[in-house]
Asks: 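I am attaching a structure below and will ask some questions about it afterwards.
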Amino acid sequence: MSEKFDSLEEHLEKFVENIRQLGIIVSDFQPSSQTGLNQKLNFMVTGLQDIDKCRQQLHDISVPLEVFEYIDQGRNPQLYTKECLERALAKNEQVKGKIDTMKKFKSLLIQELTKVFPEDMAKYKAIRGEDPPP
Amino acid sequence: AAAPPHPLPPAGAGTTELTGSTNLITHYNLEHAYNKFCGKKVKEKLSNFLPDLPGMIDLPGSHDNSSLRSLIEKPPICGSSFTPLTGTMLTGFRLHAGPLPEQCRLMHIQPPKKKNKHKHKQSRTQDPVPPETPSDSDHKKKKKKKEEDPERKRKKKEKKKKKNRHSPEHPGVGSSQASSSSSLR
């Protein structure tokens, strides 16, 4: 799974490194650097070409938009994953709690109704079938 | 006689369906992911996730118009081809010699996470940029002054030896320059 990202990652790193070196050349330019500068400018074009070619391998990858908020704020995107998992677990526990409470309530209700309406509840159980053990 | 009860599914129905009563993290084999992200502290900054990315990446994207949101909301209009720059086009990139004004030098300053950050910044402004590309071995000595040279960092990353990143004794700055320039060609 991660292999298809390796090629993109490599191209991106090379592209970023090229830009960084461009910045160094430009920050204190000397005329003799012109050839190197031109070379790096053209590498920007081929670098983008290489990155674009990676798209085919990754066409099935979806990125949630919410993670972009983290990146735009200068925050680690792994925090998004962490918070997703934490929210999922919290919701899971909350729903499990509701289900367990409802099951107990149902059990108590049937118990009490059976005391008050034994014949009707017998018919009810016959039609509904036995509840599975909790 | 009383009407039959409203037809309900049998009491056992629904127990084979996936509900919140199941641990869904386990069900979807996400225990490893959960332990990895929630079992230990995840660092806050973007630079902790991308330590080798140059520039001040921990600043909000809205500050310098570099946000991903703006890219999605207003995609740049461009062609679909990647045409190399011709000689005529490149004449537009003939630059004046000399240092840039200080305010334009931001992009290659490293994120402030190292002890000798100020020394690093000073060394960048004081040392003249070599006239040739960074592969020029005549400027090894000038490059060596910069203890936190990102070229060195890149070499480290290639060798996956992160422990040596801050070592002032690390040799082979010239060789790192050669390897990085050869990879670009």
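In what follows, chains are A, B, ... by sequence order, proteins preceding strands, each numbered from 1.
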Asks: Heavy-atom cut-off 4.5 Å, strictly under: side chain, backbone, both or neither for B/His96 against chain A?
Replies: backbone
Asks: If Ile, Leu, Val, Met, Phe, Trp and Tyr residues are connected whenever their side-chain heavy atoms lie under 4.5 Å apart, and connections chain through other members, are B/Phe49 and A/Val63 in the same group?
Replies: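 Yes, B/Phe49 connects to A/Val63 through the hydrophobic network.
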Asks: Checking A/Gln94 against chain B: side chain, backbone, both or neither under 4.5 Å from a heavy atom?
Replies: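 Neither part.
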Asks: Give a yes or no on whether the backbone of B/Gly61 and the side-chain of A/Asp72 come within a donor-acceptor separation of less than 3.5 Å.
Replies: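 No; zero donor-acceptor contacts below 3.5 Å.
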Asks: At their closest point, which heavy atom of A/Lys82 faces which heavy atom of B/Lys40, and how far apart are they?
Replies: NZ-O, 4.1 Å
Asks: How long is the gap from CD on A/Glu17 to CG on B/Leu53, to the nearest 0.5 Å?
Replies: 11.0 Å
Asks: Can you tell me how far the CG atom of B/Leu95 sits from the CD atom of A/Gln30, to the nearest 0.5 Å?
Replies: 11.0 Å
Asks: Of the listed residues (A/Met44, A/Lys98, A/Gln49), which shares the most heavy-atom pairs with chain B below a 4.5 Å separation?
Replies: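 If we count pairs closer than 4.5 Å to chain B, A/Gln49 comes out on top.
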Asks: Is any side-chain heavy atom of B/Leu46 closer than 4.5 Å to one of A/Ile71?
Replies: yes
Asks: To the nearest 0.5 Å, tell me how far A/Lys96 NZ sits from B/Leu24 CG.
Replies: 11.5 Å
Asks: Mind ranking A/Val45, A/Leu48, A/Asp52, A/Asn92 by heavy-atom pairs under 4.5 Å with chain B and telling me who comes out on top?
Replies: A/Asn92
Asks: When only pairs under 4.5 Å are counted, which of A/Glu69, A/Glu83, A/Lys123, A/Glu93 shares the most heavy-atom pairs with chain B?
Replies: A/Glu69
Asks: Using non-hydrogen atoms and a 4.5 Å limit, figure out which bit of B/Thr22 sits close to chain A: side chain, backbone, both or neither.
Replies: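 For B/Thr22, backbone heavy atoms alone lie under 4.5 Å from chain A.
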Asks: Quick one: does B/Arg69's side chain get under 4.5 Å of A/Phe68's, heavy atoms only?
Replies: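 Not touching, per the 4.5 Å side-chain cut-off.
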Asks: Is chain A contacted by the side chain of B/Ser70, its backbone, both, or neither, given a heavy-atom distance below 4.5 Å?
Replies: neither
Asks: Does A/Gln34 use its side chain to pair, donor to acceptor, with the backbone of B/Phe93 at less than 3.5 Å?
Replies: yes
Asks: Of all of A/Ile99, A/Leu79, A/Asn76, which one pairs up most often with chain B through heavy atoms under 4.5 Å apart?
Replies: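 Greatest number of close heavy-atom pairs with chain B: A/Asn76.
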Asks: Can you tell me which portion of B/Leu71 sits under 4.5 Å from chain A's heavy atoms? Options are side chain, backbone, both or neither.
Replies: neither
Asks: Would the number of heavy atoms belonging to other residues, nucleotides or ligands and lying under 6.0 Å from CD of A/Gln111 be above 12?
Replies: yes
Asks: If you compare all heavy atoms of A/Val16 against all heavy atoms of B/Pro54, which two are closest, and at what distance to 0.1 Å?
Replies: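 That closest heavy-atom pairing would be CG1-CD, 3.5 Å.
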Asks: Please identify, among B/Pro60, B/Ser21, B/Ser81, the residue contributing the most non-hydrogen atom pairs under 4.5 Å to chain A.
Replies: B/Ser21
Asks: Can you tell me how far apart CD (A/Gln78) and CD (B/Glu44) are? Round to the nearest 0.5 Å.
Replies: 12.0 Å
Asks: Determine, using the 4.5 Å side-chain heavy-atom cutoff (strictly less than), whether A/Leu108 and A/Tyr124 are members of one ILVMFWY cluster.
Replies: no
Asks: Could you state whether A/Met102 and B/Leu18 fall into the same hydrophobic cluster, counting links through intermediate Ile, Leu, Val, Met, Phe, Trp or Tyr residues with side-chain heavy atoms under 4.5 angstrom apart?
Replies: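 Looking at the clustering, B/Leu18 is in a separate group from A/Met102.
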Asks: Are B/Met89 and A/Ile25 connected, step by step, through hydrophobic side chains (Ile, Leu, Val, Met, Phe, Trp, Tyr) whose heavy atoms are closer than 4.5 Å?
Replies: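 Yes, one cluster joins them.
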Asks: What is the distance from atom CG of A/Asn38 to atom CG of B/Leu90, rounded to the nearest 0.5 Å?
Replies: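 Spacing of CG (A/Asn38) from CG (B/Leu90) equals 4.5 Å.
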Asks: With a 4.5 Å cut-off on side-chain heavy-atom distances among I, L, V, M, F, W and Y, is there a chain of contacts connecting A/Val26 to B/Leu85?
Replies: yes
Asks: Between B/Ala33, B/Ser67, B/Ser62, B/Ser66, which residue shows the highest count of heavy-atom pairs closer than 4.5 Å to chain A?
Replies: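 Winner by heavy-atom pair count: B/Ser67.
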Asks: Got a second to check how far B/Ile25's CD1 is from A/Glu86's CD, nearest 0.5 Å?
Replies: 10.0 Å
Asks: List the atom of A/Leu85, the atom of B/Cys38, and the distance in Å for their closest heavy-atom pair.
Replies: CB-SG, 3.9 Å
